[in-house]
Participant: 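Next up is a structure, given as structure tokens.
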Amino acid sequence: MAGIDYGERIPNNVSLGENRRLQRALEEWQPKFLDWWMDMGPTGYQERDVYLRTAVSVDAQGWAQFDYVKMPDYRWGLFLAESEPGRTIGFGDHMGAPAWQDVPGEYRGVLRRLIVTQGDTEPASVEQQRHLGRTCPSLYDLRNLFQINVEEGRHLWAMVYLLDAYFGRDGREESEALLQRRSGDRDKPRILGAFNEKTPDWLSYLMFTYFTDRDGKYQLASLAESGFDPLSRTCRFMLTEEAHHLFVGETGIGRVVQRTCELMREGKTDDVRRLGGLDLATLQKYINFHYSVSLDLFGSEVSTNAANFYTMGLKGRFEESKKRDDHRLKDATYAVSELAGDRITSRETPALPSLNERLRDDYIADCRRGVDRWNQVIKKHEIDRELRLPHRGFHRAIGLFGEVKVSPDGRVLSEAEWDAKKHEWLPTETDQAYLESLMRPVTERGRFANWIAPPARGVNGRPVDFEYVRLA
Ligand SMILES: [Fe+2]
Ligand SMILES: [Fe+2]
């Protein structure tokens, strides 16, 4: 790639053109990334023109340029949010010191692990979603899927940039390993549990973008507080893209709810499966599943790692800089769930090791807002039903609740009670088979599958029936 114009091929604001070492590392990595993309990225449509937005700079005009692009030609760029001159570390033992522009030697291993764990989720979700193009409910939805896929690809680039630019040879090895693990693979799985689950259908995908991408938002937001400035700036820019993924999830499920309500009214029945729709009871089960596996991503309620990340100044709280306390938390406490026999209570616990739980609480509050909006849709149709988030202890595998069975309304159950009821709370094979029977591709302009309502508006001011993906 001699004589390459880096600004053109790899849009960036990290002075890539002047950094020979980084150029060399990326020149080696990029072809492997493309191989991975062709192998594990979206099946089908790689040769099609897709109406995509590309970030070419971080200012308001540059960060969202829309045009037809073939996915393999997408310009995956490297972007950091603008630097804040004089930025200092905002929490932990180094609070008040200048933010690190280089990796602090004593935290090198921990920091690399944090970046790799975040980085691993990005290609994982592309792998999980790779077969969805075959069964898209509309061209609009297909385009949004591909937008998310290329952006998760860019998020991988963002983490690989940090590894290659700041971690030398170990960083380059980790960058390679990010392309070698595979979602759901028995021998070399992705690092976190939820990223090894299948995303076999569009409802699961919408739930994933609502619940699991939202975990990403909270992880990125707390890494955006990091004292390691390049990580902070990278994550701040990634959050602008993440917002779109969450939008796809929230409006997508909202549209399913809308369509379900329309069918309920038209057919005067709750059983809209007869009308080729998704009944509210099924939607509730998928909420239960995706919410609970996403809650696990925050880790154990009490965690020395979480305390260390904070004390070291590597990972802050959500909106750390807006909080009015000492940002050290050595004497502070936080209420954490506790099991007392078969009762769930809560207890004031030292704040530092409770930071996972605090981040989970922020996440839960955020999840609720979307559920409230879906319930507004149901109410507007004068239907007396509600969707809800199950109790945080429901169907958990990690932490305190991993050891017990808890009902959606928060009662600790015996194994026998759980076994008798779980099919009412979680998707069954029959539910999944029904769902998959609905997954028939709809690729005519402006048409939508029967189980989902059209969106209120199109992308970037285009009409809903725009040719978002050119099929010929
Ligand atoms: Fe991402
Ligand atoms: Fe995302």
Side-chain angles (χ1 to χ4, degrees), residues 33 36-37 40-42 52-55 58 63-64 71 74-81 114-130 132 141-163 174-175 178-179 181 183 190-197 199 202 204-224 226 230-253 290-291 293-295 297-298 315 318 359 363 366-367 370 459:
F33 168 80
W36 167 81
W37 177 268
M40 296 310 292
L52 291 176
R53 103 183 151 177
T54 305
V58 292
W63 98 264
M71 285 185 278
Y74 190 77
R75 292 156 72 213
W76 283 282
L78 301 173
F79 293 106
L80 275 59
L114 274 173
I115 292 169
V116 166
T117 308
Q118 177 60 42
D120 192 67
T121 66
E122 315 288 357
S125 67
V126 176
E127 292 167 0
Q128 289 171 294
Q129 296 168 14
R130 64 189 300 255
L132 292 170
D141 291 288
L142 186 62
R143 177 259 165 223
N144 282 344
L145 167 71
F146 294 155
Q147 182 71 56
I148 290 177
N149 292 162
V150 293
E151 284 176 355
E152 300 302 8
R154 206 202 67 74
H155 290 178
L156 171 60
W157 274 75
M159 295 295 115
V160 162
Y161 159 71
L162 293 175
L163 292 167
E174 294 286 10
S175 298
L178 285 168
L179 296 175
R181 286 184 288 272
S183 176
R190 292 293 173 184
I191 297 171
L192 300 171
F195 292 89
N196 288 302
E197 299 282 348
T199 310
W202 278 75
S204 301
Y205 155 75
L206 295 171
M207 293 285 173
F208 183 98
T209 50
Y210 187 79
F211 289 109
T212 308
D213 272 294
R214 191 172 309 276
D215 159 71
K217 166 183 165 183
Y218 281 81
Q219 302 303 335
L220 290 175
S222 48
L223 293 173
S226 183
L231 175 61
S232 159
R233 292 173 57 199
T234 303
C235 291
R236 266 185 278 150
F237 188 72
M238 288 163 77
L239 281 166
T240 57
E241 292 163 319
E242 209 54 54
H244 172 255
H245 310 176
L246 300 174
F247 165 87
V248 167
E250 184 184 327
T251 55
I253 299 170
H290 288 272
Y291 175 66
V293 299
S294 301
L295 285 179
L297 290 170
F298 291 83
K315 184 178 175 187
F318 181 64
L359 194 59
Y363 168 85
D366 197 15
C367 284
V459 178

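Remember, it's 1-based here, ligands and their atoms both numbered in the order they're listed.
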Participant: Nearest 0.5 Å, what's the CG-CH2 distance between L145 and W202?
Facilitator: 4.5 Å
Participant: Given R190, which of T117, D120, N196 fulfils the side chain to side chain donor-acceptor pair (under 3.5 Å) condition?
Facilitator: D120
Participant: On the six-membered ring of Y210, is R214 placed so that its NZ or CZ lies under 6.0 angstrom from the centre and within 45° of the ring axis?
Facilitator: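 Yes, a cation-pi geometry.
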Participant: Does E242 bring an N, O or S atom to under 2.8 Å of the Fe ion (ligand 2)?
Facilitator: yes
Participant: Taking C-beta and beyond as the side chain, do L179 and M40 meet within less than 4.5 Å on heavy atoms?
Facilitator: no
Participant: Identify, by name, the N, O or S atom of H155 lying closest to the Fe ion (ligand 1).
Facilitator: ND1
Participant: Show, in sequence, the C-alpha distance, side-chain angles and deciding distance for W37 and Y74, and conclude whether the side-chain contact (heavy atoms from CB on, under 4.5 Å) test is met.
Facilitator: CA-CA 11 Å; W37 177 268; Y74 190 77; over 6 Å; no
Participant: Taking the N/O/S atoms of D213 one by one, which is nearest to the Fe ion (ligand 2)?
Facilitator: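 When I compare the N, O and S atoms of D213, OD1 is nearest to the Fe ion (ligand 2).
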Participant: So what does the E152 OE1 - the Fe ion (ligand 1) - E122 OE1 angle come to, to 10°?
Facilitator: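 Value returned, to the nearest 10°, is 80°.
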Participant: Please state whether the separation between the Fe ion (ligand 1) and some N/O/S atom of H245 is under 2.8 Å?
Facilitator: no
